[in-house]
Amino acid sequence: VTARKSSYRSLTSLARDLSRCRDCLEEGFPLFSLPVRAPLAVPRQRAYLFGQAPGPLEGVERLPWRGSAGQRLREWLQLGEREFYATFYCASVTRCDPGRAPKRGDRTPRKRERELCAPWREWELRLLRPQLIVTVGGLALRNLLGFPKLTPHIGERYSHEGATLIPLPHTSGASDWVNRPGNAERLERALALIREERARL
Ligand code: SF4
């Protein structure tokens with residue numbers, strides 16, 4: 001049963017309530033996992049990674065970025081697993097596996113699901129106060145900065161709630177974004193910016 005407080009004083013109590021959230025299911029949306037939670041690191045992560053939604057493997061393990069998209073992301077960032085989870089508090093637009101799309105890839109969470117999940121993100125950002133935010137994919141970027149398109153923003157640096165925000169494309173194998181003309185160079189610029197920001201954390 002979902003339990004949400006009107007305010008949270010720690011990420012631990014937030015994570016406890018988030019792990020039991022069933023709001024979307026109670027409104028009739030199909031979900032294929034319980035919420036996937038960010039592993040809390042000691043010392044606390046200084047960067048916030050914001051993706052679209054977990055996939056089936058993440059849903060089973062209840063840990064973010066476990067599948068091939070996560071492996072590709074770590075390759076891009078040149079980080080091993082331990083350093084990746086110690087650097088980034090991993091979150092997403094919605095936190096439960098939304099199931100597969102009828103043709104290919106994962107189902108995109110509906111507007112109402114995104115609204116129901118947004119308070120978890122808002123509280124995380126308030127409590128974590130990250131110095132760096134990295135969005136992964138168009139939906140994550142649109143949710144935070146409202147940009148309707150992804151490509152013009154890859155390789156650029158923005159600011160959000162006191163943090164530097166750097167967008168990345170989605171790492172899913174279902175996306176051919178990287179192979180389109182000019183995009184490999186955009187991605188290289190974005191990864192160089194992230195390396196630069198990480199060096200300052
Ligand atoms: S997607 Fe978010 S709001 Fe919906 S049930 Fe999962 S944790 Fe709750």
Side-chain angles (χ1 to χ4, degrees), residues 1-41 44-45 47-70 73 84-85 88-130 133-147 150 160-161 163 165 167-168 170-172 174-175:
V1 176
T2 304
R4 285 180 195 255
K5 296 193 183 84
S6 56
S7 70
Y8 285 92
R9 296 173 77 172
S10 78
L11 281 168
T12 309
S13 66
L14 176 83
R16 192 175 50 235
D17 282 356
L18 167 59
S19 73
R20 296 189 302 223
C21 179
R22 298 284 71 195
D23 268 352
C24 296
L25 216 53
E26 286 158 16
E27 291 209 9
F29 292 102
L31 292 182
F32 291 79
S33 78
L34 290 163
V36 171
R37 298 159 300 180
L40 288 172
R44 186 174 290 181
Q45 299 97 329
Y48 188 80
L49 188 73
F50 193 57
Q52 176 167 312
L57 187 58
E58 287 79 12
V60 170
E61 294 193 20
R62 298 194 72 189
L63 282 173
W65 299 106
R66 302 307 300 153
S68 56
L73 180 60
F84 173 76
Y85 291 114
F88 289 101
Y89 182 103
C90 302
S92 50
V93 176
T94 58
R95 311 301 173 97
C96 303
D97 174 11
R100 313 289 72 78
K103 287 191 180 160
R104 190 166 182 235
D106 296 334
R107 178 176 75 81
T108 303
R110 305 289 291 273
K111 181 167 179 278
R112 179 62 183 150
E113 293 172 278
R114 303 195 303 260
E115 286 167 359
L116 288 169
C117 220
W120 298 122
R121 178 197 77 228
E122 287 160 10
W123 273 108
E124 282 166 344
L125 289 178
R126 243 176 264 181
L127 292 166
L128 192 70
R129 296 180 181 277
I133 299 174
V134 174
T135 57
V136 182
L139 190 72
L141 179 63
R142 195 155 74 238
N143 254 251
L144 287 188
L145 295 189
F147 295 150
L150 173 76
H160 181 69
E161 296 189 7
L165 186 151
L168 284 180
H170 208 290
T171 55
S172 155
S175 166

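All of these numbers come straight from a predicted model, not from anything done at the bench. Residue indices begin at 1 and follow the sequence shown. We count ligands from 1, going down the list as the structure has it; atoms in each ligand are counted the same way.
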Enquirer: Short list, please: which atoms of ligand 1 are under 4.0 Å from a heavy atom of L116?
Expert: 3 (S)
Enquirer: Using a strict 4.0 Å cut-off to heavy atoms of C96, name the atoms of ligand 1 that fall inside it.
Expert: 1 (S), 5 (S), 6 (Fe), 7 (S)
Enquirer: If only atom types and distance count, is the side chain of T135 paired as donor or acceptor with the main-chain N or O of A140 below 3.5 Å?
Expert: no
Enquirer: Show the atoms of ligand 1 that are less than 4.0 angstrom away from any heavy atom in D23.
Expert: 5 (S)
Enquirer: Which of the atoms of ligand 1 are close to T94, meaning less than 4.0 Å from one of its heavy atoms?
Expert: 1 (S)
Enquirer: Give the ring-plane orientation class for F84 versus F88, where under 30° counts as parallel, over 60° as perpendicular and anything between as tilted.
Expert: tilted
Enquirer: Under 4.0 Å from a heavy atom of R95: give me the atoms of ligand 1 that qualify, with their elements.
Expert: 1 (S), 2 (Fe), 7 (S)
Enquirer: Closer than 4.0 angstrom: is that true for some heavy atom of L31 and an atom of ligand 1?
Expert: yes
Enquirer: When you measure from atom 4 (Fe) of ligand 1 to every protein heavy atom, which one gives the shortest distance, and what is it?
Expert: C24 SG, 2.3 Å
Enquirer: Which heavy atom of E58 sits nearest a heavy atom of W65, and at what distance?
Expert: CG-N, 3.4 Å
Enquirer: Evaluate the side-chain proximity of L11 to W123: yes if any heavy-atom separation is below 4.5 Å, no if none is.
Expert: no
Enquirer: Got R95 and C21 here, is their nearest side-chain heavy-atom distance under 4.5 Å?
Expert: no
Enquirer: Would one find an N, O or S atom of C117, in either backbone or side chain, under 2.8 Å from atom 6 (Fe) of ligand 1?
Expert: no
Enquirer: Looking at E27 and R110, does any basic side-chain N land under 4.0 Å from a carboxylate oxygen?
Expert: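 No.
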